[in-house]
J.: 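Questions regarding the structure given below will be posed in turn.
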Amino acid sequence: MAQRHEAADSFDLFPTPPWATRALCEFIGVDRDLKRRRAWEPACGLGHMVRPLSEYFEMVYASDAVNYGHGAVRDFLFPGDEPAFDWIITNPPFRLAEEFAHTMIDRASEGAAILVRTAFLESVGRYDSLFSKRKPTAILQFSERVPMHKGRLEPNGSTATAYCWIVWETRPHRPCANGVPAFVWIPPCRRKLERPADYEVAA
Ligand SMILES: C[S@@+](CC[C@H](N)C(=O)[O-])C[C@H]1O[C@@H](n2cnc3c(N)ncnc32)[C@H](O)[C@@H]1O
């Protein structure tokens, strides 16, 4: 079983199975035409989110602090001169996930979404500094496990860790009732959203 315990100076490369990114796009694409939106994947790693995002969005810009050969090389937490993007979407390095969330919300013109361990939702510190101040629009909890392994995708992998997407609509189409985030279970979807080519080494 994979577990994520990373050294403080690790870049935390845990590639995301593409079907998990398609699950997010299916949700946010319900009431908007993603083919007319531009997205930024700011911690792109080996490109495993960039490919499924490109299936849904008009264009996807990819970057990472490390040069893995799959996008521009830049530290997302330092201001850059990128143009505005409608959506900023990533599976951030876990120890920097909160800083990523703030930066993504500040910079996305329509919405931001992070894929995190569900345990990220708890902690008084995070409540005080993030969730109470910048309330998510939706929390999408996977009903299936999303296996993630250090440095590689594993088609037959398993994990003891639960994951969810946290979504902030920075320009809401449909403001959530009374400012209460929607809590949505992502129904089993791996079988429907997975493609054999997902596990080929990213080109
Ligand atoms: C959990 S992996 C996710 C990779 C990719 N988003 C995916 O889902 O397959 C986290 C990524 O964050 C990158 N990273 C770590 N610190 C960063 C920073 N300050 N700015 C940009 N990328 C960073 C790592 O190099 C690594 O590729």
Side-chain angles (χ1 to χ4, degrees), residues 2-28 39-57 59-82 85 87-108 111-120 130 140 142 144-155 157 159-167 186 190 193-195 197-203:
Q3 291 195 315
R4 287 176 71 164
H5 297 297
E6 282 298 285
D9 59 352
S10 163
F11 281 102
D12 199 11
L13 176 63
F14 281 76
T16 302
W19 64 268
T21 300
R22 294 188 187 106
L24 169 76
C25 294
E26 293 286 322
F27 178 82
I28 62 176
W40 181 3
E41 211 291 37
C44 66
L46 305 175
H48 292 99
M49 275 192 164
V50 177
R51 292 206 295 179
L53 288 174
S54 303
E55 296 164 6
Y56 290 85
F57 283 88
M59 73 80 69
V60 180
Y61 173 71
S63 63
D64 197 288
V66 178
N67 187 1
Y68 301 107
H70 289 275
V73 180
R74 78 183 280 336
D75 186 327
F76 181 62
L77 299 178
F78 287 86
D81 55 3
E82 282 82 7
F85 287 89
W87 281 81
I88 306 182
I89 296 170
T90 197
N91 167 359
F94 193 74
R95 71 191 167 84
L96 296 175
E98 185 173 338
E99 289 92 327
F100 262 72
H102 281 294
T103 308
M104 291 164 72
I105 296 164
D106 287 341
R107 297 203 59 172
I114 56 173
L115 177 62
V116 286
R117 302 175 214 176
T118 303
F120 183 78
L130 179 61
L140 315 180
F142 282 95
E144 291 164 289
R145 286 289 163 91
V146 183
M148 290 199 217
H149 295 264
K150 187 165 185 171
R152 68 188 199 285
L153 270 192
E154 192 56 69
T159 180
T161 306
Y163 286 90
C164 66
W165 281 104
I166 306 178
V167 180
I186 300 176
R190 176 174 176 170
L193 298 178
E194 194 166 52
R195 319 265 182 268
D198 290 346
Y199 297 96
E200 291 165 8
V201 176

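Position 1 is the first residue of the sequence; numbering continues from there. All ligand and atom numbering here is 1-based and tracks the order in the structure.
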J.: I need the minimum non-hydrogen distance between F120 and A97, along with the two atoms involved.
T.: CE1-CB, 3.6 Å

J.: What distance do H48 atom NE2 and H70 atom NE2 have between them, rounded to the nearest 0.5 Å?
T.: 7.5 Å

J.: Please verify whether a non-hydrogen atom of F100 lies at under 4.0 Å from ligand 1.
T.: yes

J.: Does Y199 reach the side chain of P17, with side-chain heavy atoms less than 4.5 Å apart?
T.: yes

J.: Run the numbers for me: atoms of ligand 1, each under 4.0 Å from some heavy atom of H48, listed by number.
T.: 9 (O)

J.: Counting heavy atoms only, which of G71, A65, P92 is nearest atom 23 (C) of ligand 1?
T.: A65

J.: Consider ligand 1: state whether an atom of it lies below 4.0 angstrom from any non-hydrogen atom of M148.
T.: no

J.: Using a 3.5 Å distance criterion without hydrogens, assess whether the side chain of N67 forms a donor-acceptor pair with backbone atoms of V73.
T.: no

J.: For Y68, which part has a heavy atom under 4.0 Å from ligand 1: side chain, backbone, both, or neither?
T.: side chain

J.: Out of T21, D64, T16, who gets a non-hydrogen atom closest to atom 8 (O) of ligand 1?
T.: T16

J.: Mind checking whether D75 contacts ligand 1 via backbone (N, CA, C, O), side chain (CB onward), both or neither, at a 4.0 Å heavy-atom cut-off?
T.: both

J.: Is a donor on one side and an acceptor on the other found under 3.5 Å between the side chain of W40 and the backbone of M104?
T.: no

J.: Does any N/O atom on A43 come nearer than 3.5 Å to any N/O atom on ligand 1?
T.: yes

J.: So which bit of C44 gets within less than 4.0 Å of ligand 1, heavy atoms only: side chain, backbone, both or neither?
T.: backbone

J.: Looking at R190, is its backbone amide N or carbonyl O close enough to the side chain of E144 to form a donor-acceptor pair, meaning the two atoms are under 3.5 Å apart?
T.: yes

J.: Mind listing the closest non-hydrogen atom pair of T16 and M49 along with its distance?
T.: OG1-CE, 3.7 Å

J.: Would you tell me which option among G47, A20, P93, A62 has the nearest heavy-atom contact to atom 15 (C) of ligand 1?
T.: P93

J.: List every atom of ligand 1 that sits less than 4.0 Å from any heavy atom of E41, numbering the atoms from 1 in the order shown and giving each element.
T.: 5 (C), 6 (N)

J.: List ligand 1 atoms under 4.0 Å from P42, heavy atoms only on the residue side.
T.: 21 (C), 22 (N)

J.: Keeping E41 on the side-chain end and A43 on the backbone end, is there a donor-acceptor pair under 3.5 Å?
T.: yes

J.: Are any of the N/O atoms in D12 less than 3.5 Å from those in ligand 1?
T.: no

J.: Any side-chain heavy-atom pair from T118 and F142 closer than 4.5 angstrom?
T.: no

J.: Distance under 4.0 Å to a non-hydrogen atom of T90: what atoms of ligand 1 satisfy this?
T.: 6 (N)

